[in-house]
Student: 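Before I ask anything, here is the structure I am working with.
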Amino acid sequence: MSAVPHPDRAQDPRRGPRPLAANYARSLLLPRPRGAVDLPRRRHEQRGVRTDPARLAAWARVCGFPLRSRLPLPYPHLLGFPAQVELLVSEPFPFRLLGLVHVAQEFAQRRPLAVDEELDVSVRAVAMRPHRRGALVELVTEVRGAGDDPAGDPAWRGVSRYLAPGARLPGAVPPADADPAAPGAGATATRWRVGAGTGRRYAEVSGDVNPLHLAAPAARLLGFRRALAHGVWTASRSLAVLDGRLPGAVRADVRFKAPLLLPAGAPRAVDRRTRAARAEWAAALVVSAAVAAAVFWRTDSGPWPFLVVVPVLWGAARLGLGRALSCLLVVALLATAGTTGGTGPYAGFDADARTAVLEALLFTCGAVTMVMSLVVRARERAVVEAGRREELFRRTFDDALLGVALLRLRADGTAVVARVNDRLRSMLGHDVEVGSDWSQQVHGEHRAAFVEAVHEMVERVRDGRDAHWHAEVQHGEGEVWLELAASAWPTWREDGRAGEVAAVVQVVDVTQRRLVQRKLREAALHDALTGLPNRTLLEDRLRHALGAASRSGRRVALLYCDLDDFKPVNDTGGHAAGDHVLIGVAQRLGAAVRPGDTVARLGGDEFAVVCPDLPDASAAEAVAERIVAAMAEPFRVAGWEFPVGISVGLSIAARGADAHRVLQEADAAMYEAKAGKGERGRAPGGGVRAAGARVVDLRAVERRGR
C-alpha cells in the first residue's frame, strides 16, 4: 500500500519547518488516525536555503570530512531533516515519530553542490509497504540549485526509510528477508574510534536530537543496553573515508542492519568509582579502629603504638586528606580513651609522661598524614593535568585539517610510524599501520632522498642542533604528491640516557597543484593546436643538442620547414580546414623523423626539426627527403583534397655554434629554397647550393626522381 503526495498541495515555501522541540511535542500530543492507514498528501518545500559555514565546519569535524568548496555527499540530508520531522508529526501521519527506526538511507548526487550555492529543498512521503517487523515508510528529499531545471532531475536526492515496529498494513503480506549484499572485492576497510559522547556531539551539529542516541537510561527504556550511534553519522563517517575519490555523480546505498552501541559514558564509571571509594573509606575506618583498639586497650608494652600509623597512611595515600584525618580522629579517640583508662603500651608511665608521649604519637601521625596526603594530591593533579594535555593533543591531532604523523627516527634512515590521523589516511587512500616504515609509503624515485633526510635529522638531534626538513615528495605509485614539514627532537629514558629521536610531520596534499603546474608548463612550452613543442622549447633542446655535440664530436642539423600552397586551404575550406591540415602535417613530420629528433611548430605554417647526434650531413639530408616524401599525398578534409608541399632549409651547425645563429641560417636557407621555385612554389630546377648555410630544394629533387 502506498500514497503519492500531490504537488498542488505543497506547503508554503516561504515558511521554514517548526523547531524540533515543537515537533517532538506534537508527536506525543496529536492523536494518531484510526482505521485506514495512509500517508500525508502534501509536500514541504523551502526555497533559497543557504549553508551555514560554521555549522558545516562543526559537522565535518564530527564526521571526519575535510573542508572543501563543495558540500559532502551526506550533508544535504541535514537541510531536509527538519522538514522530514515536521512531515512525520503531521496530523494525518499514521505512526508516532518516537517509535520509528531509521533502517536505510540512499544518497544520490547528479552533480556536486557548492557551499555558497542557494538551494531549494523539498521533502515528501512517497510510499509505505509491509515489513516483516512492521511497516516501512519512505521519505524523499530533493535538493536543486538556483540554476537547475525545476522539471528535471534534482542535483541531489536522498531516500530515507523508517520502520514502524509492530505496525500492520491492512491486507498486506510481509516479504521474506533478503540476504544482505556482501561487500565487493574492491571494498575499502578502515577503523575509527567511537567515543561515548559521539551521539551527543552529532546531535549538537546536526539537530537530530533523539534521546535514544544521547543517554543510556533512555536507550534502556526502549530496549537497548546502551545509547546508539546515529545511523546517518555512521553512513557519513564511512563516506568520509572515500572523500576525494568519489566522482561528481555518485550514489550511495546504506542499510542499517544492526544498532551500533556506544561505549558506556563517564557518569556511570564515575558513579562506580565513587561507590568503591566510599567502601574503601569505610574499610579504612574499621581497620583504624580495630588497630587502635588492639594497641591501646591492652596492657602490653612494646613498639606497637606505631602500628596505628599504617591505616592512617593508607587513608592518606588512597582517600584524600579529609578522609585520612577522619581515620586519624578515630585512632586519637580510641588511643586517648585507652591511655586515660590505664591500658595500652603507656600504662606504666605516670600521668604527665603518658600525656606527652600520646601527644607526640598523635602529632607524628598527623604530620605524616598531612605530608603523605599533599604529596599524593600533587601527584594526582599532575596526572590529571597530563591527561588533559593528552586529550587536548589527541583532539588536535585527530581533528587537524592537515595530515599529521608521529614518527620515531633511526640512524639507518628508518622512520617508524607511531601514529597518524584520519586526514593523512584519506590523503594516501589507505590505512597506515603503526610500526611500519614511513619510507615504504614514499615513491621509489624520492625514497633515497627521504631516507637521507631522516638520517641527517637524527645526526642533527644527537649533535644538539635543531632538526627540520621540508620537501614535496611523491607517495604510493607516484600519483600522490605530499608536502612534508618535519621537526625532530630527542627523547629520554627513565635512567636519563638519550632515547629514540621523535618527529612530527605535517602533511599537505599538493597533487592538484602539481597537476596544474604541469599543465601550465606544458601549455607554455607546447603548441595548443598540434601539441608539438613551441619555439621556446625548440631553442632549449637545440642548445642541449649543441652542448652534447661539442663533447661527442657528432653533428647537429636544423631543418626549417615552410608549407607551400597552404593559403588556398584557408581560402577554400576556411580556418577549420587549415587547422585540420596543420594537425596532419604535424603527424606526418613526427612519423618521418628519427625517434630522437624534435619536431616543433614555430607559428603559422612554419615547422622545424632538430636532428642531434648525426654522423654527417648526408644523414640530415635523408631526414629531409623523408619529410618531403611524407607531404606527397594530398590532405583530405570534408570531401576536399588539398595538395600541400613543403620547402626545407637545412643548416648543419658548426662546432661551438649558437642556437640563435643556427636558427637564422636555417631560416635563410628555407627562404632561398622557396625563392628558387617558380609560381605557386613549382621550381624549374633544383639542387644543393651554399649560401652561408646549405640549402636543399628537396621538392625539386623529388620531382626529378619521378
Side-chain angles (χ1 to χ4, degrees), residues 2-5 7 10-11 13 16-17 20 23 39-40 42-47 49-52 55-56 59-60 62-63 65 70-90 93 97 100-115 117-129 136-145 148-150 152-163 202-203 205-208 210 229-240 242-243 246-256:
S2 64
V4 180
Q11 180 174 314
L20 286 178
N23 281 326
L39 291 175
R42 69 167 184 167
R43 174 171 60 190
H44 178 92
E45 291 185 350
Q46 192 172 5
R47 298 175 186 153
V49 177
R50 288 194 174 274
T51 303
D52 182 357
R55 184 186 182 196
L56 172 61
W59 179 89
V62 173
C63 296
F65 280 92
R70 55 174 174 78
L71 293 179
L73 177 60
Y75 190 78
H77 173 80
L78 270 68
L79 303 179
F81 178 72
Q84 279 194 13
V85 174
E86 182 159 337
L87 197 63
L88 293 173
V89 301
S90 59
F93 198 79
L97 171 64
L100 299 180
V101 180
H102 199 178
V103 295
Q105 180 68 45
E106 292 181 12
F107 305 113
Q109 179 176 273
R110 184 170 55 85
R111 67 169 179 86
L113 298 172
V115 173
E117 190 171 353
E118 191 173 278
L119 305 173
D120 295 339
V121 183
S122 67
V123 177
R124 54 197 172 95
V126 298
M128 183 165 54
R129 56 179 179 270
L136 201 64
V137 180
E138 189 172 287
L139 304 183
V140 171
T141 302
E142 294 181 345
V143 179
R144 287 180 168 84
D148 293 339
D149 182 7
D153 293 333
W156 187 93
R157 187 175 188 268
V159 180
S160 304
R161 296 183 179 90
Y162 296 94
L163 173 67
Y202 184 76
V205 299
S206 67
D208 187 356
N210 189 331
H230 290 74
V232 178
W233 175 83
T234 58
S236 302
R237 189 65 184 81
S238 301
L239 290 170
L242 304 175
D243 186 72
L246 296 177
V250 64
R251 177 178 176 272
D253 188 355
V254 185
R255 301 179 185 181
F256 308 121

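What you see below is based on every heavy atom in this structure, not just the backbone, and it leaves out hydrogens, waters and symmetry mates. Keep in mind that this is a model prediction, so the values were computed, not measured.
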Student: Quick one: closest heavy-atom pair of V121 and V143, and the distance?
Tutor: CG2-CG2, 4.3 Å
Student: Yes or no on side-chain contact (heavy atoms from CB on, under 4.5 Å) for V123 and V140, after CA distance, side-chain angles and deciding distance?
Tutor: CA-CA 6 Å; V123 177; V140 171; over 6 Å; no
Student: Return the minimal non-hydrogen interatomic distance between C63 and R237, and the atom names on each side.
Tutor: O-CD, 3.0 Å
Student: Parallel, tilted or perpendicular: which describes the rings of H77 and H102, with under 30° parallel and over 60° perpendicular?
Tutor: parallel
Student: Could you go through the salt bridge (Lys or Arg N to Asp or Glu O under 4.0 Å) check for E106 and R161 one step at a time?
Tutor: CA-CA 9 Å; E106 292 181 12; R161 296 183 179 90; 3.0 Å; yes
Student: Can you tell if the side chain of L71 reaches within under 4.5 Å of the side chain of L119, non-hydrogen atoms only?
Tutor: yes
Student: Do any N or O atoms from the side chain of Q109 and from the backbone of R251 form a donor-acceptor pair under 3.5 angstrom?
Tutor: no
Student: Report yes if the side chains of S206 and W233 come closer than 4.5 Å at any heavy-atom pair, otherwise no.
Tutor: no
Student: Any non-hydrogen side-chain atom of F65 less than 4.5 Å from a side-chain atom of L239?
Tutor: yes
Student: Could you tell me whether the side chain of S236 reaches within less than 4.5 Å of the side chain of Y75, counting heavy atoms only?
Tutor: no
Student: Which heavy-atom pair separates H230 from A203 by the least distance, and what is that distance?
Tutor: CE1-N, 4.2 Å
Student: Is the backbone of P74 close enough, under 3.5 Å, to the side chain of W156 for a donor and an acceptor to pair up by distance?
Tutor: no
Student: Tell me, please, which residues at least two apart from D149 pass side-chain contact (heavy atoms from CB on, under 4.5 Å).
Tutor: A151
Student: Determine whether a donor-acceptor pair (N or O, by modelled atom type, separation under 3.5 Å) exists between the side chain of R47 and the backbone of E118.
Tutor: no
Student: Judged by atom type as modelled, is there a donor-acceptor pair below 3.5 Å linking the side chain of R144 to the main-chain atoms of G152?
Tutor: yes
Student: Return the CG to CG distance between L79 and D52, rounded to the nearest 0.5 Å.
Tutor: 10.5 Å
Student: Quick one: do E117 and R111 make a salt bridge, cutoff under 4.0 Å?
Tutor: yes
Student: Using every non-hydrogen atom in the two residues, find where L78 and P82 come nearest and quote the distance to one decimal.
Tutor: O-CD, 3.3 Å
Student: Do you know which of H44, E138, R43, E45 makes side-chain contact (heavy atoms from CB on, under 4.5 Å) with R124?
Tutor: R43
Student: For the residue pair V232 and F81, establish whether any side-chain heavy-atom pair is separated by less than 4.5 Å.
Tutor: no
Student: Are side-chain heavy atoms of F256 and V101 found at a separation under 4.5 Å?
Tutor: no
Student: Looking only at heavy atoms, which two atoms of A155 and L113 are closest? And how far apart?
Tutor: CB-CD2, 3.6 Å
